[in-house]
There are 2 protein chains.
Amino acid sequence: MSIASPTLSASAPEAAARTAAAPTQCSNCHLRELCLPCGMDGNAVERLDSLKFSRRRVKAGTSLYREGDRFQFIYAVRSGTFKTSLELADGREQVGGFHLGGELMGLDGVAQGRHASSACALEDAEICAIPYALLAEMSAGAPGMQHMLSRLMSREIVREHSLMLLLGSMNAEERLAAFLLNLSQRLKARGYSPSEFHLRMSRAEIGSYLGMTLETVSRTFSSFQQQGLLEVDKRHIRIADMQRLADALAMPVH
Amino acid sequence: MSIASPTLSASAPEAAARTAAAPTQCSNCHLRELCLPCGMDGNAVERLDSLKFSRRRVKAGTSLYREGDRFQFIYAVRSGTFKTSLELADGREQVGGFHLGGELMGLDGVAQGRHASSACALEDAEICAIPYALLAEMSAGAPGMQHMLSRLMSREIVREHSLMLLLGSMNAEERLAAFLLNLSQRLKARGYSPSEFHLRMSRAEIGSYLGMTLETVSRTFSSFQQQGLLEVDKRHIRIADMQRLADALAMPVH
DNA sequence: CGGGATATTGAGGGATGTCAAGGTAGGTGG
DNA sequence: CCACCTACCTTGACATCCCTCAATATCCCG
């Protein structure tokens, strides 16, 4: 609960400088197929370009926003990995998700006008800050754009459904298998290897996300390795048998 | 699993008849402070009225929609109680939420154009079917309306956050206490007693929602009764000590 | 080189799941 | 109206998964 790490300010000089140097445009972003513009027509993407989203670097371990902060922006990850989390009454944290390039954060702030969770960079990262008010204003005249926004929010609801399912009715092995397979697919969609990757999050963060202790996460990794499903070296993971890992999900041991 | 219970059709003759007899208007609905119109100005509510939502009765145990059905409507509960759920690979169900009067269901369908969960009435109920396409079309010209829709979806995301927290880091007593306190507040907001009510859902459904077995739910009810927090008679609940029940949440036993 | 964060592994215990038996309420048909 | 049936709830005994506590190893960084 490091109170030290400050929320970055939108008006930081370096952010302004960067924006001037390299205006951020969705139309030629390498993540356009995954991110906000996904499914939009050229016309709509041009409108997005006109907003000239500001870009910001976020250092590893730094918060992008915190629970209770005033909601102004939604954020798209350009590079790096984030976690979003809630703080419990007793100070522990509950991780709500991990976010890779092209994924959006902050949509939970629309409801109350304040962020309902915190977002923290797990490695040095870069984001686009999208002013929600402008986005809403613009989509008033553009039905397709508004629908896109609704779809994105709905997608977040569906994502949380599956997490709920995971937390509500799976054992430790199923949970970790589900986590790894989901991560593998998302990495693949971003052009990385689906079978070999480096985890950006600690065992404790994985455990919090999956509703188990860091020791159980560690033991389950070891167990998967002994079963020949994975090769694990700290945070470096190789999925040795994707099929059997998927089976661990579909066929509960019960 | 009962393939028998049919999804109701929007074109059921009785539904059409009812609509003609009593056109549904948000502006004089007794739930307007809790439901869709909440926070809208008079102008916007009039626009809602012009849509003339169709009303539908749903018998206890009947599905309103099912996972995979084409998404056309979002539904507002007028009376009765619903559960929403997902089906697991092995046939078990995972309950995702319970819905009282004034609450909306089906927003998870926007993402894919298909419903991502099923909704089933726990008692005889009545709903408003809100054609999503019309709603989206109308809100294109009305910024306030569109913002309302976004807020509602965001609220759903926040709701699932708290469920995630509950499933990820609470023990059986904390979970049941959280469930009862939440239900109590929602009943109070609807003009019912917050301290004495009838549960519309079975122990198994509560257990699925909270990520525990029906036996543990039953035992935890008994334990609360022995501690003097509740009086329990099957589905009839009286909260005898609201404060200590709330304490069970804030001060984990750990 | 030292210190802190992170990961692994073991031992033991406790919370919760599983299996089983019995009770109660409500609906249905004779 | 009663008998029966089914669904639901409660409770007990036991098993087991996972948490807790603890020791050690490893890595990274100053």
Side-chain angles (χ1 to χ4, degrees), chain A residues 1-2 4-5 59-61 83 90 92-93 95 120 122-124 166-177 198-226 230-237 248 252-254, chain B residues 1-2 4-5 59-61 83 88 90 92-95 120 122-124 166-177 198-226 230-237 248 252-254:
Chain A
M1 313 304 108
S2 54
S5 73
K59 290 222 180 81
K83 69 173 175 189
D90 59 6
R92 286 173 304 172
E93 81 166 347
V95 173
C120 175
L122 296 176
E123 59 186 322
D124 287 352
L166 185 148
L167 291 170
S169 57
M170 291 185 182
N171 65 27
E173 295 209 342
E174 293 172 287
R175 289 176 196 205
L176 191 61
H198 186 82
L199 297 174
R200 304 300 174 171
M201 63 294 285
S202 69
R203 300 289 191 260
E205 286 160 341
I206 296 172
S208 170
Y209 178 63
L210 297 178
M212 53 208 244
T213 60
L214 67 96
E215 292 94 331
T216 301
V217 174
S218 183
R219 274 185 250 272
T220 309
F221 269 124
S222 300
S223 161
F224 280 166
Q225 182 156 30
Q226 283 186 342
L230 296 181
E231 286 167 27
V232 183
D233 178 26
K234 304 285 176 203
R235 295 190 178 187
H236 189 89
I237 305 291
V253 193
H254 311 303
Chain B
M1 311 273 29
S2 56
S5 74
K59 288 222 181 81
K83 68 172 175 189
L88 283 82
D90 59 6
R92 286 173 303 170
E93 81 166 346
Q94 169 73 37
V95 173
C120 175
L122 297 177
E123 58 186 322
D124 287 352
L166 184 149
L167 291 170
S169 58
M170 291 185 182
N171 65 27
E173 295 210 340
E174 294 173 285
R175 289 175 196 205
L176 191 62
H198 187 82
L199 297 173
R200 304 301 175 170
M201 64 293 286
S202 71
R203 300 290 191 260
E205 286 160 341
I206 296 172
S208 171
Y209 178 63
L210 297 177
M212 53 208 244
T213 60
L214 69 94
E215 291 94 333
T216 301
V217 174
S218 182
R219 276 187 250 272
T220 308
F221 269 125
S222 299
S223 161
F224 279 167
Q225 182 156 32
Q226 283 185 344
L230 297 181
E231 286 167 28
V232 183
D233 179 26
K234 304 283 176 203
R235 296 190 177 186
H236 188 89
I237 305 290
V253 193
H254 309 304

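Just the heavy atoms: all of them, side chains too, but no hydrogens, waters or symmetry mates, feed the values below.
Separating the NE2 atom of A:His236 from the P atom of C:dT8 is a distance of 14 Å, rounded to the nearest angstrom. In this structure, B:Met212 atom CE and D:dC9 atom P are separated by 13 Å, rounded to whole Å. For the pair A:Leu230 CG and C:dT8 P, the computed distance is 12 Å after rounding to whole Å. What separates CG of B:Leu122 from P of D:dA7 is a distance of 17 Å, to the nearest Å. What separates CG of A:Asn171 from P of C:dT16 is a distance of 17 Å, to the nearest Å. Between the C1' atom of D:dC28 and the CZ atom of A:Arg200 lies a distance of 16 Å, rounded to the nearest Å. As a whole-Å value, the separation of A:Ile206 CD1 from C:dA5 C1' is 15 Å. In this entry the distance linking CD of B:Glu173 with P of C:dT16 reads 8 Å, nearest Å.
Residues in residues 204-222 of chain B take part in these salt bridge (Lys or Arg N to Asp or Glu O under 4.0 Å) pairs, two or more places apart or across chains: B:Lys83-B:Glu205.
At a threshold of 4.0 angstrom between heavy atoms, the contacts of A:Gly211 are confined to the sugar-phosphate backbone, with no base atom among them.
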Output a table of nitrogen or oxygen pairs between the protein and nucleotides 10-12 of chain D separated by less than 3.5 Å.
residue : atom : partner  : partner atom : Å
D:dT10  : OP1  : B:Arg203 : NH2          : 3.2
D:dT10  : OP2  : B:Arg203 : NE           : 2.8
D:dT10  : OP2  : B:Arg203 : NH2          : 3.4
D:dT10  : OP2  : B:Ser218 : OG           : 2.8
D:dT10  : O5'  : B:Ser218 : OG           : 3.2
D:dT11  : OP2  : B:Ser222 : OG           : 2.6
D:dG12  : N7   : B:Arg219 : NH1          : 2.9
D:dG12  : O6   : B:Arg219 : NH2          : 3.2

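Between the side chain of B:Arg203 and the backbone N or O of B:Lys234, at least one donor-acceptor pair lies under 3.5 Å.
A distance of 7.5 Å separates CG in A:Leu230 from CG in A:Leu176, rounded to the nearest 0.5 Å.
The shortest distance between side-chain heavy atoms of A:Glu174 and A:Leu166 does not fall below 4.5 Å.
Here the shortest heavy-atom pairing between A:Asp124 and A:Ala60 reads OD1-N, 2.8 Å.
Tested against B:Glu123 for a salt bridge (Lys or Arg N to Asp or Glu O under 4.0 Å), the candidates B:Arg235, B:Arg200, B:Lys59 yield a single pass: B:Arg200.
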